[in-house]
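In each ligand, atom 1 is the first atom listed, and ligand 1 is the first ligand listed.
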Amino acid sequence: MLEIKTREQIAKMREAGLVVAAIHAATREAAVPGATTKDLDEVARKVLAEHGAKSNFLGYGGFPATICTSVNEVVVHGIPSAEVVLKDGDIISIDAGAIVDGWHGDAAFTAFVGSGHAPELIELSRVTEESMWAGIAAVRNGNRLIDISKAIEGYIRRQPRPATGKYGIIEDYGGHGIGSQMHMDPHLLNYVSRKRGKGPKLVPGFCIAIEPMVSLGTAKTHVLEDEWTVLTDDLTWSSHWEHSVALTEDGPLVLTAVDGGKAKLAELGITAAPDPLA
Ligand code: MG
């Protein structure tokens, strides 16, 4: 059973999404050489408090922080730590969430720490981000869940291959329904699997977090002894981008983008739904 949201509920999710966007802006600025990932968590806590929002990450399955900070070969779920000091040349994915009046937002981005990153890292992040937007563009009335997976995978596979051989589309993690909880049905694969059907039809009120994770090598991952940190098996670096998206009668609304996805969707020939808070 999918949770179909009313307009009022989508407006609440938009509020939560804008808190997540504010966490992104603040942590992006703070992700500089010399900062620790714990510093970034403190920045996120402050933004949550300023907005009177709650964290959906803190305490989730025992997770000890308000954001995930995943550096270089860490794919997702990195735990902020005073021991992890960001260095010039690192890449970091920051995944953040917020709850407003019981409604959830969840989004992630990859940032470059310092400067002088290899072109293949810049391209890795670009391909991952653009594949997320290709997935968002497939959130339309009448499509099925598999159309989102197809759009994400299709985008990645159409790109020139990296010098390392092939992009790894991480297999063990994917997107998810979101709303009255952070993680809900349906699970969204970032690739098409013959083992799965076409999935549910997308209708107004359907909300989903779309989050491709891509490496410069393998699609396989393992979890460290801390039971959270997910690494690529071959330790190649990876990128992670995520937005929470609502489908409305008027098309998609990117809940966690400041402009609701307007500018980026326009580039793709799609009109974003009007902002319910505007
Ligand atoms: Mg998520």
Any donor-acceptor pair under 3.5 Å from D234 side chain to T218 backbone:
yes
Would R161 count as a cation-pi partner of Y167, with NZ or CZ less than 6.0 Å from the six-membered ring centre and within 45° of the ring normal?
no
Regarding H176, does it place an N, O or S atom less than 2.8 Å from the Mg ion (ligand 1)?
yes
Which value, rounded to 10°, describes the OE2(E211)-the Mg ion (ligand 1)-OD2(D106) angle?
170°
Any side-chain to backbone donor/acceptor pair from R144 onto K198? Under 3.5 Å, distance only.
no
So does D95 have any N/O/S atom less than 2.8 Å away from the Mg ion (ligand 1)?
no
Distance-only side-chain donor-acceptor flag, S180 / E3, under 3.5 Å
yes
Of all N, O or S atoms in E242, which has the smallest distance to the Mg ion (ligand 1)?
OE2
